Structures are given as C-alpha cells and as structure tokens.
Engineer: 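This is the structure I want to talk about, given as structure tokens.
Within every chain, numbering begins at 1; the chains are lettered A, B, ... in the order of the sequence lines, protein sequences first and strands thereafter. In what follows, every heavy atom counts, from backbone to side chain, and hydrogens, waters and symmetry copies are set aside. Being a predicted model, the structure only gives us computed values, none of them experimental.
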Number of protein chains: 2
Amino acid sequence: MDYETTSEVFQMLSHPVRLQILDELRQRESCVCHLQAVTGRPQAYISQQLRILREAKLVADEKDGQNVFYHLRSDLVREVLDQTLGEADLPRHLPDCNCPFCSGEKA
Amino acid sequence: MDYETTSEVFQMLSHPVRLQILDELRQRESCVCHLQAVTGRPQAYISQQLRILREAKLVADEKDGQNVFYHLRSDLVREVLDQTLGEADLPRHLPDCNCPFCSGEKA
DNA sequence: CTATTATATGCAGAGAACCATATATATTAT
DNA sequence: ATAATATATATGGTTCTCTGCATATAATAG
C-alpha cells in the first residue's frame, strides 16, 4: 500500500468515537442502537460515523428486520487494533440497549 | 491507552508526508535535508511536520554541527508501520541529498 | 392507516489541518 | 565580518473535519 492509501486508513482510526466503534465491531457484530449505548452518542451521530467507515470499506452492514448490524471488514484494521488497543474484552450485554442481543432475544 | 490518546497517535499517521517521514525514520536516523530529498517537499514544510511529530513525542532530534538528525522514538509506531507498510527497505544514498550520509562523509 | 421504533441523510457553523511564503537563527566557510 | 548552508518559526488563506440539529425513510405494531 502506498502512503496515500495507508494514511487514509489511519485517518479513519484517528477519531475517538470511530475507534470505539471499531473496537466494539472487532469483537462482535453490533446494531446501531448498541453502538449508541456503548458510546453514549446520539443516533444520528453514530450513523454518520458508520457511513464514513462504510464508505472507506472498513465495515459492512446487513439488515435484519428493524435493525441494521455492522461488522468489521478489514483484516488489516483488526490487526492494528489488536496491536494498539490490546485484547478486546467488552461487555456482551448493555443495560441501556434494547437490541436483540442485549435483551436476550438472540444469542 | 484510551481511545482519545490512541486516536491522537493515528492522527499523526493519517498524513502521507508524515507517514513517509516516519517510514524513513524507522529504518535509520535522518537529517532534515535527507527527508527533503526523500519527499520532494520544501524545507519549511518538512520542518513543520517534524515539529508536529516532535510535539507528539513520536520522534526526537539531535543536533550535529549544521545538521539536525531525527529518529523514531515510539516502539508502538514502529510496530504499526511494520504491520501496515511491511519491511522497510529504502535506499541508503540519495543523489539529491548532500547530507553526511548521502555524500559518504559518514557511514 | 397511524404510531412507534430503528436508522439514514442534509445542512451549517465553529474550529482545526494543510501548505505556501516570508523571515529568523545557528553553524561553518571564506 | 560576510556569505552560504541547514534548520526553525511566524503568519495567513484555503480547505477539511467535527458535530449538532432537523428531517427523511423503512419496518413493525396496534
């Protein structure tokens, strides 16, 4: 990868909320409302950051009923996050989230 | 490292010229004029980017006569660059550079 | 059909980053 | 002392980024 392309990847990582989203997604797929609960940011804000990450092809989305689930799509980003943030060990269920996983509807 | 601090490191890497400078520095220490020759950018521009990297504590400088030599100071950045840019194998001597290394004055 | 819930998009002001140009300082050579 | 070379800083205009707020769409429930 050339410097231009590589710097564009780092650009995506150079933002605390995007970083937190990617940290969550490297551990498991999450819907938007889950990421809202994790970050404590407004829904529109999360959707905007997800769009940026989607357009950079670092994440992909998959619709399931009312929810849209996002997952990490870049092995390089996964490796870089492992190296910089260490092992991911984030809570599975959040009290502030009503998503199918957090409410126990899905495993 | 928290998301805020980590994102600040990535911020430094999210710029093609800074990335090229760090790529050079992970292989060997370089003076400013060498980095000028490597990047093809004006001297003032390089000095500005070096100041940003210096203030972020990713590089350090050492004066030697007329020259100022910079070197990489962060193991984390070195590891991340190894992972993203691969093995560094950049030319030792540049025709456009008059620095002590390039002109053969120093080994 | 209407209301509700989940998600996406559009827009705009504030601030930050980028980069050029001009200038300052420090070292060495003549 | 003067000139040349290497490096640093100051300043400013332009362009991006961030982020809040308003609104749009899509799915499901009643």
Engineer: Do you see a donor-acceptor pair shorter than 3.5 Å between the side chains of B/S7 and B/Q11?
Structural biologist: no
Engineer: Between B/V77 and B/L13, is there a side-chain heavy-atom distance shorter than 4.5 Å?
Structural biologist: yes
Engineer: Check the surroundings of atom CD in A/E62: do more than 12 heavy atoms from other residues, nucleotides or ligands lie under 6.0 Å from it?
Structural biologist: no
Engineer: Decide yes or no for B/R54 and B/R73: does some side-chain heavy atom of the first lie under 4.5 Å from some side-chain heavy atom of the second?
Structural biologist: no
Engineer: To the nearest Å, give me how far apart CG (A/N98) and P (C/dT5) are.
Structural biologist: 10 Å
Engineer: Please confirm whether A/F101 and A/F69 have ring centers closer than 6.0 angstrom.
Structural biologist: yes
Engineer: Scan residues 40-52 of chain A against DNA chain C and write down, sorted by residue number, each residue with any heavy atom closer than 4.0 Å; if none is found, say none.
Structural biologist: A/Q43, A/A44, A/S47, A/Q48, A/R51
Engineer: For the pair B/R18 (side chain) and B/I52 (backbone), establish whether a donor and an acceptor sit closer than 3.5 Å, ignoring hydrogens and angles.
Structural biologist: no
Engineer: Please examine the side chains of A/L22 and A/R78, heavy atoms only from C-beta on, and report whether any two atoms are closer than 4.5 Å.
Structural biologist: no
Engineer: Taking atom P of C/dA16 as reference, at what distance in whole Å does atom CD of B/E55 sit?
Structural biologist: 15 Å
Engineer: Tell me whether A/I21 shares a hydrophobic cluster with B/M1, the cluster being built from Ile, Leu, Val, Met, Phe, Trp, Tyr side chains joined at under 4.5 Å.
Structural biologist: yes
Engineer: CG of A/D61 versus P of C/dT9: gap in Å, rounded?
Structural biologist: 9 Å
Engineer: Please test A/D64 against A/K106 for salt bridge (Lys or Arg N to Asp or Glu O under 4.0 Å), starting from the C-alpha separation and ending with a verdict.
Structural biologist: CA-CA 12 Å; A/D64 181 11; A/K106 275 181 99 171; 3.1 Å; yes
Engineer: Could you tell me whether the side chain of B/Y45 reaches within less than 4.5 Å of the side chain of B/V17, counting heavy atoms only?
Structural biologist: yes
Engineer: Taking atom C1' of D/dC18 as reference, at what distance in whole Å does atom CD of A/Q11 sit?
Structural biologist: 11 Å
Engineer: Heavy atom of residues 12-27 of chain B under 4.0 Å from DNA chain C: which residues?
Structural biologist: B/H15, B/R18
Engineer: Side chains of A/Q49 and A/R41: closer than 4.5 Å at any heavy-atom pair?
Structural biologist: no
Engineer: A/R54 side chain: which of C/dT9, D/dT7, C/dT7 is closest?
Structural biologist: C/dT9
Engineer: Listed in order of residue number, which residues of residues 62-74 of chain A have a non-hydrogen atom at under 4.0 Å from DNA chain C?
Structural biologist: A/Q66, A/N67, A/V68, A/Y70
